[in-house]
Structures are given as structure tokens and as C-alpha cells.
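Please read the structure below before turning to the comments.
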Amino acid sequence: MHLRLVHTLSLTLLAFAGLAVLALGGLTAWNLRNGFGNYLAARDVMHFERFVGIVETAAIRAGGQPALLQGTLDMRALMDELNPAPVGPPGLRPPAGPDAFPERVQVVGLDGQVLIGRHWPPDDGTGGPTVERPVRLNGEVVAVARMLTAPLVRHGGEARFLHDQYRVIAAGSVGLMVVALLTAAWLARRWTQPLAAVQDATQRLAQGELTVRLPPGPGLAGRSDEIGDVMRNVNRMAEGLERLDGARRRWLADISHELRTPLTVLRGDIEALQDGVRPLRLEAISVLHEEVLRIGKLVDDLHLLATSDLRALPCHFAPADACALLQRLTHRFEGRAHAAGLTLSLHLPDDPAALAALAVLDVHWDADRIEQLLANLMENSLRYTDAPGQIQVHLQSTGATVSVRVEDSSPGVSAAQMPQLFEPLYRTDPARARLHGGSGLGLAICEAIARAHGGHLEASASALGGVCITLTLPQHATAQPPPAGGFA
């Protein structure tokens, strides 16, 4: 039989509770038995010492030592004097039967002759250890009183008292076992119910139901232990899987759309040439070549992004001059910016000391990759900035890091869209992006290059009215480890 976790936990908790209850009950019963026996033994000794005092008093009344030695004192009279009938509660009176006090005491002379009480044969098995007290008359020891100790558990009222206590202990133990059983069942259900919910949720996730979530409530929001952490992690995992699945579907749809457009144009032109609708001239071949180049560029960009997701983007780090790199880029894009009605400018720090330090800014980068990154940023600004407008490039160095800021004038991007700018194939305005020839991969490639250098990109609103993208890189970059889940 396969035991469920709730049964295993219940039985385990019940076993521990049962052992604890049995151990406590047994220890209590043993301690009660021994403690009560010691109390009876101490009371017996006190009773015996009173008996010795009564013997001494009766001997003096009867004539002193001769009366004691001649055996004229009667045990029944001594017992009546020791335990008057009307005095004392029944529990303090000596018991009757084989454990009776008169049967266990005797007074013997110094020569060993029994003066009061019965003789104890050597083979009498009723006796145990003895208690002895001297009998003194006028300060002189004339005899010895002896008492056989009673058994630890006696008959009569004492035994009934112990049995009653044992029944109370047994009833309490049974009650505690019932409470332990109920508590174990409750705790097991409390621990296993959220685990069962996690099992069901993960099974549904494995079957592709990515919208499943563990509902908040006493089982989730009210738990701050490891089980609550597991439940919250399952929800976060489900959300991440749903996002990844949505991104995968969007990627497939966007890639197929991006490839279908140039392929449709390419097929239409080729069919026109085949049907003779369009003459085979150099201009037609040039159009076909441009479409092929466009498809090749898109495939290269997709391959680059896929590579950056699977492993760290391959970079060849070498010494470079950041100032020369930016000056070369701004000079390269100045003509296009002017033709588009835009002003492109490079800004260095106003501080003379900082300006002197930036005259040559030695860095350790993959200059080709960084040039590709910054070219993509400038290309993005050129495409989506309305004329007349301006594009500004700022360079700053703060010790171990270098910051490059590219910002442009209107139009801008809403704050909600800023975090999505670096997602592959994302466009704030798809129609406008296609009009300008953008695929939506440029900024995603920029982020992959920045990440490969140990840096990052950040988008924010520009004071010029457009978008400001800030690139932060370590001055001396090194190869980065592969992304989590990737391979080298």
C-alpha cells in the first residue's frame, strides 16, 4: 500500500507523541509508586518510634527493668495505647493482615530473648530489612526494639490509592493520545494541503497550462515558512513561463511577418520577370539584390540575438580610444543628419580638467562592437526624429566607468513603453517603423552588446523632447559569463 504524505506525517507525529506520552506516564507512575512507598516507610518508622516510647513508659509503670525482662507487658495493651480506637483518621491506623504492625515488631533483650511480640523464625520469608531502636530505662539501654519493614506496595487502602492514581494516569495518557492524534491530523493536513496544491499546479504547468496560479489566501499569503516560499516561487515560475511563451509566440509571428514582406516582394518581382511582364534589366536585378540584402541583414540580426541568448556574445577586447571612436561616428553621421534636417553634435565635459582627461580616453573594449552599438543608437535617432530637430551625444568618464548618452528631440515615447524599447521586434509604432525600414532589432542588439561588456542600457525621457538612451560601460571590460541556462 502506497502511503500518502499526509498519512506518513500523521503516523510520524502520532508515533513521537505516543512515545512521549508513554514515557511521561510510565515515569509518573514509577515516581508515584516509589514516592508513595517512601512516604509509607517514613510514616512506619515514626509509628515504630512512638511504639518504643510507649514500651518505655509502660515498663516504668509496671516496675521498671524487671517487669520488662520478665515479659509482663502485653502487646495488645501496648497497641491499644499506641492506636486508641476513637483517635486518628482510618488512613493513619495500622493495617490488618500480614502487613499489620503488631506482626512486624518485637522487643528483645540484650541476650537476644524475645520479651514482647512474636518470634521470627530464621526462614520466615515475610520479613525484609529491619529497623532497630534502643529501649532505654533511666538512661540505660535494657533492650532493643525491632521492626520488619513493610513491602513497598501494601494491601488495603494504600494499594487502592495507588490503583486509583494509576487509573487517572492511564486515562490522562489516553486523552493525550487522542489529542495528539487530532493534532497530528490537523498539522499533516496544514502541511500537505499547500503541497498538494503545488503538485497540482506543477502538473498542469507541465501539461502546458501556463495560466495556472496558486491562489493567495491562508495557504499562501498567510505562510512565511519554506512552504509559502515554494508556493510563491511556483507562481513566479508560472508567470515567467507564460511571459516566455508569449514572447516566443510573438517572436515567431513577428519574424514570419518580417521575412514574409521582403520574400513576397522578391517573389513578385521574380514572377514578373518570368512572365515577361517586367523586362530583365539591370535596374530589376538591383531591386532583387536589395531585397536579398534586406533579408540577409534581418537573418544576421536574428542570429546575433539568438547567439547572445545562448552564450555570451563573442567579443575581442583590445585597447581603444573612446573619444576618437565617438568623433569618428559623429563625423560619419553628420552628412545624413544634415540631409534629414537634423543637427548632430558631440558634447564633452565643460570642466577643463575633465576635458583634458578626455582628450584621449583609453578603454579596453571591443571597438567594433561598441561602434556597432552606437551606430545603431544614432541610426535609430536619425530615423525617428522629426525635422527640424537635433541629436546630441554626451561623453562622460567617472573613474572606472564610461557613460555615453544619445538623446534626440521629439517625438518622444511614453513612460510605459520605455522598458520595452530593448525587447526584440518591439516597435512603438509598427506602421511608422516599417515606413522607415526598421525591423525592431537594433536596440535589442545594442543591449546584447552592452551586456557582453558588463554594462547596460537605460532609456528615459530626453530634455530635448525625445528619447535619451544612456550607455554605461566599465572602462576596462572583460569577457562575461554565459547567461543563466545558456552554454559556452
Side-chain angles (χ1 to χ4, degrees), residues 27-166:
L27 180 62
T28 303
W30 177 82
N31 187 57
L32 175 65
R33 181 177 183 274
N34 285 274
F36 187 63
N38 292 334
Y39 160 74
L40 293 179
R43 191 191 68 172
D44 217 22
V45 171
M46 293 175 60
H47 208 66
F48 175 61
E49 290 175 348
R50 286 181 56 205
F51 170 75
V52 173
I54 290 174
V55 168
E56 292 174 348
T57 303
I60 292 174
R61 286 200 307 264
Q65 182 175 355
L68 177 62
L69 296 179
Q70 293 172 6
T72 58
L73 300 181
D74 181 55
M75 176 64 80
R76 183 181 300 273
L78 293 174
M79 289 295 106
D80 290 341
E81 187 175 353
L82 177 64
N83 298 294
V87 179
L92 297 179
R93 299 175 63 82
D99 297 336
F101 185 75
E103 303 297 326
R104 296 186 291 112
V105 295
Q106 64 178 198
V107 178
V108 297
L110 298 179
D111 57 357
Q113 181 181 1
V114 177
L115 305 178
I116 303 174
R118 72 181 184 90
H119 292 266
W120 296 341
D123 59 345
D124 187 5
T126 61
T130 61
V131 178
E132 296 184 351
R133 295 290 186 272
V135 179
R136 290 184 173 88
L137 296 178
N138 299 321
E140 181 183 355
V141 177
V142 296
V144 176
R146 297 190 301 177
M147 178 186 69
L148 285 171
T149 57
L152 186 62
V153 178
R154 309 183 187 186
H155 302 281
E158 291 87 353
R160 286 193 298 273
F161 171 78
L162 281 179
H163 291 161
D164 291 341
Q165 298 307 309
Y166 291 158

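Applying the side chain to side chain contact (heavy atoms under 4.5 Å, CB included) test between V108 and each of V135, L115, V114 identifies V114 as the sole match.
To the nearest 0.5 Å, the span separating CG on L82 from CZ on F48 amounts to 11.0 Å. One distance of note links CG of D111 with CG of L69; it measures 8.0 Å at 0.5 Å rounding. Rounding to the nearest 0.5 angstrom, the gap separating the CD atom in Q65 from the CD atom in E140 is 5.5 Å.
Annotation: side chain of F51 is not in contact with side chain of R133 (no heavy-atom distance under 4.5 Å). Put simply, the side chain of T28 does not reach to within 4.5 Å of the side chain of Q165, judged on heavy atoms. You'll find the side chain of V52 stays beyond 4.5 Å of the side chain of V107, heavy atoms only. Counting heavy atoms from C-beta on, the side chains of D44 and T149 never come closer than 4.5 Å.
Residues A58 and L73 approach most closely at O-CD2, 3.9 Å, considering heavy atoms. Scanning both residues, A67 and A62, for their nearest heavy atoms gives CB-O, 3.4 Å. What you find for L68 and A59 is that their closest heavy atoms are CB-CB, 4.2 Å. Of all non-hydrogen atoms in L110 and V141, the two that sit nearest each other are CD1-O, 3.7 Å.
Taking the charged nitrogens against the carboxylate oxygens, E56 and R136 have no contact shorter than 4.0 Å, which rules out a salt bridge.
In terms of modelled atom types and a separation under 3.5 Å, the side chain of R146 and the main chain of Q106 share no donor-acceptor contact.
Residues forming a salt bridge (charged side-chain N to carboxylate O under 4.0 Å, His left out) with R61 (at least two apart in sequence, or on another chain): E81.
Heavy atoms of other residues, nucleotides or ligands lying less than 6.0 angstrom from CG of N138 number 12 at most.
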